[in-house]
Undergrad: 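Let me give you the structure first, and then I'll get to my questions.
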Amino acid sequence: MSTQIIVWIAALLTLCVFSFLYKDNVFYKLAEHIFVGVSSAWLFATYLHSDIMEDMLLKAFPSAFHQTSVPDWKVLGGGIIGLLILSRLIPGFVILSRFGVAFIVGFQTGIQLFDTISANILQQLGSTIVPLFTRKPGEMIKNWISVVGTSSSLAYFYFSKEQKGIFGMFTRLGIWFLMISFGAAYGSTVMTRMSILIGRIYFLLSNWLGVVKI
Amino acid sequence: MIEKLQHFDRRWIFLTLFIVLCLAVIHPFQLPIAVEPFVQKAYNAIEALKPGDQILMAFDYGPSTAPEVHPAALAMLRHALSRGAKVDMFTLWNEGYPYIQDAIDKVCIPMGKKKNVDYVNLGFKWGGQSGAGVIEGMGSNLKAVFPVTDDGTPYDSVPALQGVRNFHDFKLLLSVSAGTPGIDEYVRYANARYQIPIVSVVTRVSAPKEFPYVTGTQIVGLCAGLVGGAEYEELMHHPGAGTAGLFALSVANMAVIAFIIFGNAIYFLGKGTKKP
Amino acid sequence: MRRQIPLIIVFISGFTMMLDYFFPSLPVVHGTRELFLNWSRVAFSFAMLLGVFTLLLSNLKKIALQQSGWIFNAVLILSFAVTFFFAAQYKMTPSGSTWITIKGTQVGQTGYQIFQTVYTPLSSSIFALVAFFIASAAFRAFRAKNIEAVLLLSAAIVVMLGSIPFGDLLFNAFLSKISSIPFGFSLYNALHLSQIFGEHPVSWLSNQIQQIPMLAAQRAINFGAAIGMVFMSIKILTGIDRSYFGGGES
Amino acid sequence: MFLEHLNVFITMVLSTATLFYFISTSKKGTFPFIRSLPGLAAMDEAIGRATEHGKPVLFLSGLGDVDNIQTLAALSILSRVSEKAAQYDTPLIMPNISSVTMVTAQEVVKESHLRAGRPDTYQPDNIYYVSDEQFAFVAHTNGVMERLRPAANIYMGAFYGESLILAETGHATGAIQIAGTAETSQIPFFVVACDYCLIGEELYAASAYLSKDPKQMASIQGQDALRVLMFAIILIGCIGSTMNFEPITHFMSWFLAG
């Protein structure tokens, strides 16, 4: 069994969280409130350093940090936008906070739009296109399944037509493909999530209780 | 009896799973490992590196996902360094920072590699929720994003970074990713714009989402989760944390299958009794 | 008019990014992308101040009013204060920010230790809850009620078996069992199944499921999501969709 | 440079053109047929049930910030959900992982209360910030579900590893659950554990559908038109590639190069 206090704290907090599985209780509530407090403080402190200090103040006022680089006033724009968003704390200035949000929404949308068209539509369409008849039967079956699977699933998302008749049958096929994909994705995730639990159990049994040696 | 089972309390499932996994961790068995093609591709991509080649390695994961991806990250780092490549490590996740240090302690130092000569720790850089800014920035000018390494050495005085300006100077981007920002952003901002090939370690759950990009030549190799790590360790003949966790994982999967069968048994038995 | 200004800002900032994408070397837009990204990073951090402020305020209010469970709100405030006190002491070195502590004291180190002792285990323990829920959801929802459900659960089981060595061990044990039945094994041989499946039939099948039908369906989902996103983006940039500003019809 | 991305430009112009074409036709009074989306009808029912039981409605807009389009779609849905909730006088609770989303959501809900004619019942404290950390946010939300027992949980937007924690806890508390996300890896969990799930594009379609705005509905038609085009590209591309017909294969490899 561990003699380190930090291991004990970590282990007890782990158990507090797991106690939620039985039912909501005081220990879980305690862990929850500690976590909210600690995490927001920690992240806030890191962002203060990394963004506000390093990305803005350091670049705009290098001399204050004993640096010799040329001051770059443009970076203060971020601070102004940030202050605009913060301005809603003052009654009557809500509209200013919208300006800040509008800026972020606008340019992030602009950035993502073209990259999405390029990476998620065009390039992906490119990989969907395969020859339907080849000399290798295995490859041919594979190609047919993927083309039919992609197009029938794509048809499922068609909104302007009721899913009836032949079209309905095609979309039904699409649903089957979707179901297989959901099942397979679920199955492959089991591993992922179990790894994390196993990580915790290792911690409890090895670092804390010392039952297992690795 | 059936009546009772239909109102089966799920907390028994929680308890069973916990006990079974504890037992599996206490008494593990060695299992045979089959290597998936995507893992083999990742291995080949790193095997093809030549001494002096530059690669970037991103540690974009946190404590909650580390049990899954960290073993593979260590195995790949070991492999890349053993090929003589220079590895520049960084993270866009604040929680990812300690894992770079852990990798250095567990892999770089025992291999006798020199800091800032064979490997560089560029540290953590926050890039917003999408990380786009940092990735874009690295693509055009690495020095602007990381003016100093983690230990405070100015970019220009790091021997390993001589002549390295942007993504074009790297042979490979090794992205160990457990969410956003992560592999998706590298595909979108780094690969789509700068054509840098990516080898990735991802969590098992996000792996299927990346499959399309592997066949699309955007990602050249992919290691999925702890199993991917175990498989990579198998290829390297260097068993580690991945191999150790594999047995417990197998037991966990079998347990879930057992629960599904149990659930269906209850369902069909219940259907039988309801009919009359 | 006040309603229009945000929409104009949205359009201009979006349009600038469009110019940047198509004409990256245009002097007007050159470098704006990086600058904007820097701005948004800084702005998000500023905005966090707002979040933190409201979080602390609402908790302090509950403590002041001694609402039921106020002691937990006090715990929250206390953990925030302690963590922030230590975590904020990571010092800016002249060359940029690092994790070096102030003049070698252990103050900053304590902040990091809180991260390792409290933050890390809590984060991974809560994530580990998914493992329990994935089992209970499988038990509850994977019932062979119709053909869709059968497809869902059989794909899940095959992939689960295929991603662990157990799957192939079980299947091969099963094969050696049926080899004692003359008909069963000869059928397997006659179809040359072993040549297709290889030594790891279950993981082979699991990989095929993931790489063919699953990939096909997921591509379609991705296409759909991308189309939806593209249209949503166009609607946002042109001001057709402004519901995220709270308002419909100006 | 420009020519390098010409294919992207063409796609964008094409999408914008279809959108505006359908907007122009919609003005002439043709209201398009849109197939029913899972869960949208249930949304009203769920809010109604919450009202009956005197329980709140829980709305989550995911882990994305406002720089994520899914979050914006979620906020757009929030606008309709909160309007309904305001009409029924049912409190709507929304913990947030991001401050900017919180600010924006408060605006949205406030406007909805105005539209519903109940500005007096708007409670800004119900839309609050928790923490930027994913699992602290989840831990808190779990607690909220157990303690306040909302009768309806609506999850819209970008969700990640926490999707199943939320959905299973919500199920255990007996809430009606309606989810919608375009995160491919999380759709299976919502499909399995929630009562209704909007898959991928349906999230965006729902935000347009709920608005009942002809311009927004036109975008669904536009999306469908683009889908037909994609379908055609796949078909022609596959035939071209099977027959090794060079004009087609050359065009495709240029146009779909990304």
Side-chain angles (χ1 to χ4, degrees), chain A residues 17 20 23-24 28-29 31-32 35-40 42-44 47 85 88 94 97-98 100-101 104-105 108-109 112-114 117-119 121-123 125-134 143 147 150-151 154-163 178 181-183 185-186 189 193, chain D residues 5 7-8 11-12 32-35 37 66-69 72 99-100 103-104 107 130-133 135-136 139-140 142-143 146-147 161 164 184-185 187-189 191-192 199-202 205 220-221 223-224 227-228 230-231 233-235 237-242 244 252-253 255-258:
Chain A
V17 169
F20 181 75
K23 66 179 217 202
D24 185 32
Y28 177 76
K29 216 172 164 184
E32 172 201 323
F35 194 20
V36 172
V38 168
S39 66
S40 43
W42 174 264
L43 293 175
F44 187 45
Y47 296 162
I85 295 174
R88 68 173 288 119
V94 175
S97 109
R98 278 194 191 180
V101 175
I104 293 174
V105 167
Q108 286 285 1
T109 309
Q112 290 169 30
L113 174 58
F114 307 106
I117 293 180
S118 164
I121 297 186
L122 297 177
Q123 287 189 42
L125 265 180
S127 358
T128 311
I129 291 172
V130 283
L132 292 175
F133 294 96
T134 59
N143 289 353
V147 170
T150 305
S151 37
L154 200 57
Y156 165 77
F157 290 104
Y158 195 82
F159 298 108
S160 315
K161 194 169 160 61
E162 197 116 33
Q163 295 178 346
L178 289 173
S181 99
F182 294 154
Y186 195 102
T189 317
R193 301 313 189 221
Chain D
H5 295 303
N7 49 355
V8 177
T11 316
M12 195 203 67
F33 167 83
I34 306 288
R35 76 165 162 86
L37 291 169
V66 288
D67 60 356
N68 190 322
I69 309 288
L72 299 181
S99 321
V100 185
V103 172
T104 324
E107 288 281 289
V130 182
S131 165
D132 267 49
E133 154 65 36
F135 292 108
H140 171 82
N142 264 354
E146 280 286 344
R147 281 156 224 155
L164 198 63
T184 323
S185 57
I187 296 170
F189 301 110
V191 168
V192 165
I199 301 166
E201 193 180 357
E202 291 177 334
I220 302 184
Q221 285 178 296
Q223 277 159 253
D224 275 343
R227 201 184 330 277
V228 172
M230 286 169 80
F231 196 80
I233 289 178
I234 295 178
L235 200 71
C238 286
I239 293 172
S241 136
T242 311
N244 215 358
M252 290 294 172
S253 61
F255 189 70
L256 305 178

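The shown structure was predicted, so the numbers you read here are calculated from the model rather than taken from an experiment. Protein chains get the first letters and strands the later ones, always in sequence-line order, with residue 1 at the start of each.
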Undergrad: Can you tell which part of D:Leu235 gets under 4.5 Å to a heavy atom of chain A, answering side chain, backbone, both or neither?
TA: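 Neither part.
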
Undergrad: If you round to the nearest 0.5 Å, how far is NE2 of D:His5 from CG of A:Leu122?
TA: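 With rounding to 0.5 Å, CG (A:Leu122) is 11.5 Å from NE2 (D:His5).
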
Undergrad: Rounded to the nearest 0.5 Å, what's the gap from CZ on A:Phe159 to CD1 on D:Ile34? Could you check?
TA: 8.0 Å

Undergrad: Not counting sequence neighbours, which residues clear ring pair (Phe, Tyr, Trp, His ring centres under 6.0 Å) with A:Phe182? List them please.
TA: none

Undergrad: Is D:Val191 close to chain A through its backbone or its side chain, or both, or neither, when contacts mean heavy atoms under 4.5 Å?
TA: side chain

Undergrad: Any idea which of A:Gly126, A:Gly183, A:Ser181, A:Ser160 has the most non-hydrogen atom pairs under 4.5 angstrom with chain D?
TA: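 Among the listed options, the one with the most contacts to chain D is A:Ser160.
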
Undergrad: Determine the option with the most heavy-atom pairs under 4.5 angstrom with chain A, choosing from D:Leu164, D:Asn68, D:Ile234, D:Thr184.
TA: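 Max contact count across the listed options: D:Ile234.
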
Undergrad: Relative to chain A, which segment of D:Met230 carries a heavy atom at a distance below 4.5 Å: side chain, backbone, both, or neither?
TA: both

Undergrad: Name the region of A:Leu154, side chain, backbone, both or neither, that has any atom closer than 4.5 Å to a heavy atom of chain D.
TA: both

Undergrad: Output the option from D:Gly143, D:Cys238, D:Gly200, D:Gly161 having the highest count of non-hydrogen pairs under 4.5 Å with chain A.
TA: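 The residue among D:Gly143, D:Cys238, D:Gly200, D:Gly161 with the greatest pair count is D:Cys238.
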
Undergrad: Between D:Ala205, D:Ser241, D:Ser253, which residue shows the highest count of heavy-atom pairs closer than 4.5 Å to chain A?
TA: D:Ser241

Undergrad: Only pairs of heavy atoms separated by less than 4.5 Å count here; which of D:Ile233, D:Ile199, D:Leu37 has the most with chain A?
TA: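 Among the listed options, the one with the most contacts to chain A is D:Ile199.
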
Undergrad: Going by heavy atoms in the side chains, are D:Glu133 and A:Phe35 under 4.5 Å from each other?
TA: yes

Undergrad: Go through D:Leu72, D:Val100, D:Val130, D:Asn142 and name the one with the most non-hydrogen pairs under 4.5 angstrom from chain A.
TA: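 So the answer, after comparing D:Leu72, D:Val100, D:Val130, D:Asn142, is D:Asn142.
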
Undergrad: Would you mind checking which part of A:Phe44 comes under 4.5 Å of any heavy atom in chain D, side chain (CB onward), backbone (N, CA, C, O), both or neither?
TA: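 Interface part for A:Phe44: neither.
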
Undergrad: At a heavy-atom separation under 4.5 Å, does A:Ser97 approach chain D through its side chain, its backbone, both, or neither?
TA: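 Only the side chain of A:Ser97 comes within 4.5 Å of chain D.
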
Undergrad: Please classify the contact between D:Asn244 and chain A as side chain, backbone, both or neither, with a heavy-atom cut-off of under 4.5 Å.
TA: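 Contact with chain A: none, neither part.
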
Undergrad: Are the side chains of A:Gln163 and A:Tyr156 in contact, using a 4.5 Å heavy-atom criterion?
TA: yes

Undergrad: Which distance, rounded to the nearest 0.5 Å, do you find between the CG of A:Asn143 and the OG1 of A:Thr128?
TA: 11.0 Å

Undergrad: With rounding to the nearest 0.5 angstrom, report the CZ to CD1 distance, D:Phe33 to D:Ile220.
TA: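 Going from the CZ atom of D:Phe33 to the CD1 atom of D:Ile220 covers 11.0 Å.
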
Undergrad: At a heavy-atom separation under 4.5 Å, does A:Lys161 approach chain D through its side chain, its backbone, both, or neither?
TA: backbone

Undergrad: Quick one, A:Tyr28 and A:Lys23 - any side-chain contact, counting heavy atoms below 4.5 Å?
TA: no

Undergrad: Name the member of D:Gly240, D:Ser99, D:Pro188 that forms the most heavy-atom pairs with chain A at distances under 4.5 Å.
TA: D:Pro188

Undergrad: Working to the nearest 0.5 angstrom, can you tell me the gap between D:His140 NE2 and A:Lys29 NZ?
TA: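 Between atom NE2 of D:His140 and atom NZ of A:Lys29 there are 11.0 Å.
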
Undergrad: Pick one of side chain, backbone, both or neither for A:Val36, based on which atoms fall under 4.5 Å of a heavy atom in chain D.
TA: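 Both parts, heavy atoms under 4.5 Å.
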
Undergrad: Measuring from atom CG of D:Asn7 to atom OG of A:Ser118, what distance do you get when rounded to the nearest 0.5 angstrom?
TA: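 If I round to the nearest 0.5 Å, the distance is 7.0 Å.
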
